[in-house]
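A short worksheet on the structure shown next.
Order of appearance sets the numbers: ligands from 1, and atoms from 1 within every ligand. Heavy-atom basis, side chains included; hydrogens, waters and symmetry copies ignored.
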Amino acid sequence: MNNLTLFLPCAAGVEGFLADEVHGLTGLAGDDLLTVRAGVRVHTDWAGALRLNLHSRLAQRVLIELAHGPYRDESDLYALASSVAWEEWFTPRQSFRIELTAQHSPLKSLNFATLRIKDGVADRFRQGSGVRPSIDTHAPDVRLHAHLTPDTATLYIDTSGEPLFKRGWRQDKGDAPLKETLAAAMLAASGWWQPATRTVQDVPLYDPCCGSGTIVIEAAQIKLGLLAGGQRRFGFENLRPFDRTTWNAMKAEEARPQAQGEGGVQSIDVFGSDVAHRMVDFAQRNAERAGVAHAVQLRGGDALQRMPPSAQPGIILMNPPYGERIAAAGVAGQGREAFQSGTLARARAGEDGTQAGADIDAGDDFFRQLSAHWKSHYAGWTAWLLTPDLKLPGRLRLKESRRVPMWNGPIECRLFRFDLTARSQPQPQPSSR
Ligand SMILES: C[S@@+](CC[C@H](N)C(=O)[O-])C[C@H]1O[C@@H](n2cnc3c(N)ncnc32)[C@H](O)[C@@H]1O
């Protein structure tokens, strides 16, 4: 347990921030912390794996690599799976499941590949103890992962269980909540949070379309030094090396609030608002469960009308309404059922000026009015918007100063940065006397 290789998957585009976070948490660097596509590989020990689960805001899971080798067919996968000393990790009385991912695997059926890996694991237990563990695809005690490239297979045991974006506080979801891991990635990309030093910028943070509050709750938890995983259980609690006394001691030790948390909150500078009061209620209840209700200010209101929540300019961070499931309400949405912007809507818009085409115009109205409002009232603020709509800068009539690629699940997005300046005054016309 002292010499483990971990793989921490993350959304593509987030690897650099995750490497910073892991370095900040563990001090690891060089060969002990390698950035690869959609994840980082870490050399550490069992306690290190537990700490990463408890703290990481950017990793999707913490996996322990147990086998890696070449394969040509399913029998190679069976052999690889039966070579692992699974009995050191769990017992045949526990149920398990296998999640398989593959990149350009030549195998015809990934289902059959999964089945052979499962047989390799189960047969090893049966040969050792006479008992075959059962499969539970819904709520297994233990999760195993297999990843296939064109010619190699890697087997992992999952120490996280439920994915780490589930922090344990969310009950009220709203319509299209961001994953907490993606909200954390946005906070890192905007520079508000520096995961390497575990510090935050001392400027106000505002989400004017906050929905269920994911961004502001994540921000407030970071600011207060709360543990990302302090309110949830983990897969490692079912594994054999787990010792509850040591774990409780680690949790108690790590839960000590840091810097800004220690003396309580001096003044609130994390703000959220949403035009839907139902959403603001959700966000408020989520903030209470997340232990940050005293550190965020949540209000109802239209983003097109709300004035800056603080005198000091700061950072606006948001994923604006997009696509079919979200309707812009408020001023720009009045008299219209909904708007759609972006590719989904464009794909549905008829050539002939149908309703979908009108909805796109309504979306354009919203963004045109939003940037006019920002130019009038938010000079000095920096706005960061996450969207799959690559035409968003055009809709806002603003030129972005940065664009960071990020994936929201399978959807390719950009996090656009706009430096807001006051609306330029009309130039006086030279007189023509
Ligand atoms: C994509 S969702 C944001 C989800 C949020 N980040 C979360 O994790 O729950 C967009 C939000 O914008 C809100 N919205 C739509 N039009 C708005 C407007 N004019 N002013 C403020 N909020 C608006 C919607 O109510 C919705 O909650």
Within a 6.0 Å radius of atom CG on Asn248, are there more than 12 heavy atoms belonging to other residues, nucleotides or ligands? yes
For atom CZ of Arg244, decide whether the heavy atoms of other residues, nucleotides or ligands shown that lie under 6.0 angstrom number more than 12. yes
Tyr206 and Tyr378 aromatic ring geometry - parallel, tilted or perpendicular at 30°/60° bounds: parallel
Please work out, at 4.0 Å between heavy atoms, whether the side chain, the backbone, both, or neither of Ala183 comes within that distance of ligand 1. neither
Could you say whether the N/O atoms of [X] and ligand 1 ever approach to under 3.5 Å?
| X | answer |
| --- | --- |
| Arg170 | no |
| Asp274 | yes |
| Ala276 | no |
| Leu178 | yes |

Can you figure out which of Asp302, Thr387, Asn319 has its heavy atom closest to atom 1 (C) of ligand 1? Asn319
Straight-line distance of Asp141 CG to Leu239 CG, nearest 0.5 Å: 10.0 Å
Does either side chain, that of Gln221 or that of Arg167, offer a donor lying less than 3.5 Å from an acceptor on the other one? no
Any chance the side chains of Arg97 and Thr137 put a donor and an acceptor closer than 3.5 Å? no
Report, in ascending order of atom number, the atoms of ligand 1 lying under 4.0 Å from any heavy atom of [X].
| X | value |
| --- | --- |
| Pro208 | 21 (C), 22 (N) |
| Ser212 | 7 (C), 8 (O), 9 (O) |
| Ala303 | 18 (C), 20 (N), 21 (C) |

Within the structure, is a non-hydrogen atom of Phe366 found at a distance of less than 4.0 Å from ligand 1? yes
Mark the output for Gly301 as yes if a heavy-atom distance to ligand 1 is under 4.0 Å, and as no if none is. yes
Using the ring centroid of each side chain, check whether Trp247 and Phe236 are separated by less than 6.0 Å. yes
pair Thr387-Phe416: side-chain heavy atoms closer than 4.5 Å: yes
